[in-house]
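One structure is given below, encoded as structure tokens.
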There are 2 protein chains.
Amino acid sequence: MERFPARPSRPETDAAAPQRVLDAVRHDIIFGVLAPGSRVTEAALAAAYGVSRVPVREALRALEAEGFVESRPYAGSTVAAIPLDDAEDLFAVRGVIEARIARRAARRAAAQFGADAPDAAWWSARRALADILDDGDRAVAADALAELPELNIRFHLGVAELSGSASLAALLRQISGKIEWLYAADVDHRGKQSWGEHRLVLAAIDGGSETEAGRLMAGHVESSQRGYLERFAAPGAASAGPSQVTGTGAGERG
Amino acid sequence: MERFPARPSRPETDAAAPQRVLDAVRHDIIFGVLAPGSRVTEAALAAAYGVSRVPVREALRALEAEGFVESRPYAGSTVAAIPLDDAEDLFAVRGVIEARIARRAARRAAAQFGADAPDAAWWSARRALADILDDGDRAVAADALAELPELNIRFHLGVAELSGSASLAALLRQISGKIEWLYAADVDHRGKQSWGEHRLVLAAIDGGSETEAGRLMAGHVESSQRGYLERFAAPGAASAGPSQVTGTGAGERG
DNA sequence: CGACATCGGATTGAATACAATCGCCGGTAC
DNA sequence: GTACCGGCGATTGTATTCAATCCGATGTCG
């Protein structure tokens, strides 16, 4: 029966190999399995994941673009330092991105609930968010806080998908890794409270109120930032006021 | 004299080949040599730049991460569409990044001018900025506006270097390509006026005033955005007020 | 005449092989 | 004892080769 050419759903040449290596190595960096400063050799990764050096190279290059490793020609790659000094900047930029995402998501939600023909992709993303919230609640109840960083990122990226803005989603994805890095370092301190705020944000989005969704999301990011700075006592910066997220409003000196 | 093994200053294995291909292809996309929707094959690029497909692959993957091409497994890469619909989001995020960069640059400038031991790297970057400004003025005087997009990006990345924040510089670099894409589409409309604002921003940075530098830079980005929206009549969004850059402040409805 | 299954060229993805470079260790001269 | 220099192992960077997949042309059947 050559009519059905036995197309295997899992091809032998795994086109997703670079992505798998990328995710795995990034995970190991975020959770401290690979300490900052560690040397990361292509051959070791290739052996560890059962692939050739070619996909490993692509993954390392992507990690370099994301700021997780630093590479020099012929000198190899090393794990970068945790961006503690840049935490304030990262939170500020993230605040703007996420607030805009929340506003757009609320707008699209209002359109969805009012429309006759439902958007299948939208509803799928919305349902995934509900599952993520439930998983996170279970993890909080079971004190399995180690699961929260990944769920946190998945929640925020899920909202970005809901917003329908590819550019905002891409921007968030580009800094989400570092956010997760910081989040993992603070999860035992503020993880539970922070997770509880997610449900409020999603409710506002479902309610279709752009302003409310944007404000709640901005507040969520701000409280994360505040808790983080409390914890790690950021050196240079004065304490950030409520509007400091923008970086343009409040002045420190003339 | 085998003591000196005839080390050629230009090694045969060019470690910078991927970067060169990346820059060249990105340039061609930004300036319309490669139209959106065009197919980009690895073999063609490899032949055009005299390298193998391996560095071309890495460059294409980087371009995909930057949002200039879209790739699907075994289906190749095509030039992405100009992100017109996302221009407002890009400008908003850029505004926050650049304002923070300007504030940090001003702080560091004040420290530099007051310090005894000058930082060679800082002064090198500062001198490069002066040259960029002069080149841009010459281009404006000669009506060679086609040179402005690249000079514009180099100016803003130069300020980022001056700021000393690697994270902010990386974030700006990640969206600078799309900014340049939009800039190139608008350069004949606002290029001259926009360029003139750069000198004011740099003067404020040299003056060491964080607030002033941040405000001027934010205004510079906002006027770019406003001019751009005037030109292309962005469809969905209401006109952005002065503080709309943040995305959190002004509300559209309750 | 139109629609569909099938086949072939073209292109991508990964593995392997080879050349070039860097860091380190030992030797040597001072 | 110390500083410098030459060689060697380890690692990166690229080219080449082969397998897997997708898109368009072609033939055939209804």
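Chain letters run A, B, ... following the sequence lines, proteins first and then strands; every chain starts at 1. All heavy atoms count here, side chains included; hydrogens, waters and symmetry mates do not. In this text the structure is predicted, and so the values were computed from the model without any measurement.
- Closest contact between the side chain of A/R53 and the listed nucleotides D/dG13, C/dG13, C/dT11 involves D/dG13.
- Put simply, CD on A/E58 is 11 Å from P on C/dA15, counting in whole angstrom units.
- Candidate nucleotides C/dG13, C/dA15, C/dA20 were compared by shortest atom distance to the side chain of A/P55, and C/dA15 ranks first.
- For the pair B/Q174 (side chain) and A/A65 (backbone), a donor-acceptor distance under 3.5 Å is present.
- Taking only side-chain atoms of A/R39, from C-beta outward, the nucleotide of D/dT14, D/dT11, D/dG13 with the closest atom is D/dT11.
- The nearest pair of heavy atoms linking B/A75 to B/R39 is O-NH1, 3.2 Å.
- The nearest heavy atom of DNA chain C to A/P73 and to A/V54 marks one nucleotide each, and the one closer to the 5' end goes with A/V54.
- Ion pair A/R100/B/E88 flagged as a salt bridge, since at least one NZ, NE, NH1 or NH2 atom sits closer than 4.0 Å to an Asp/Glu carboxylate oxygen.
- Among D/dT16, C/dT12, D/dG13, the nucleotide with an atom closest to any side-chain atom of B/S52 is D/dT16.
- Of the candidates C/dT12, C/dA15, D/dG13, D/dG13 carries the atom nearest the A/E42 side chain, counting heavy atoms from C-beta on.
- For A/Y74, the side-chain atoms get nearest to C/dA20 when compared with the rest of C/dA20, C/dA14, D/dA15.
- Taking atom CZ of B/R61 as the reference point, atom C1' of C/dA14 lies 13 Å away to the nearest angstrom.
- In terms of modelled atom types and a separation under 3.5 Å, the side chain of A/Q112 and the main chain of A/D119 share a donor-acceptor contact.
- Within 4.0 Å of A/V56, counting heavy atoms only, lies no atom of the nucleic acid at all.
- Look at CD on B/Q19: it is 19 Å from P on D/dT12, rounded to the nearest Å.
- For A/R57 and D/dT14, the shortest distance from a side-chain N or O to OP1 or OP2 is below 4.0 Å.
- When the nucleotides D/dA15, C/dA14, C/dG23 are ranked by their closest atom to the side chain of A/R72, C/dG23 comes out on top.
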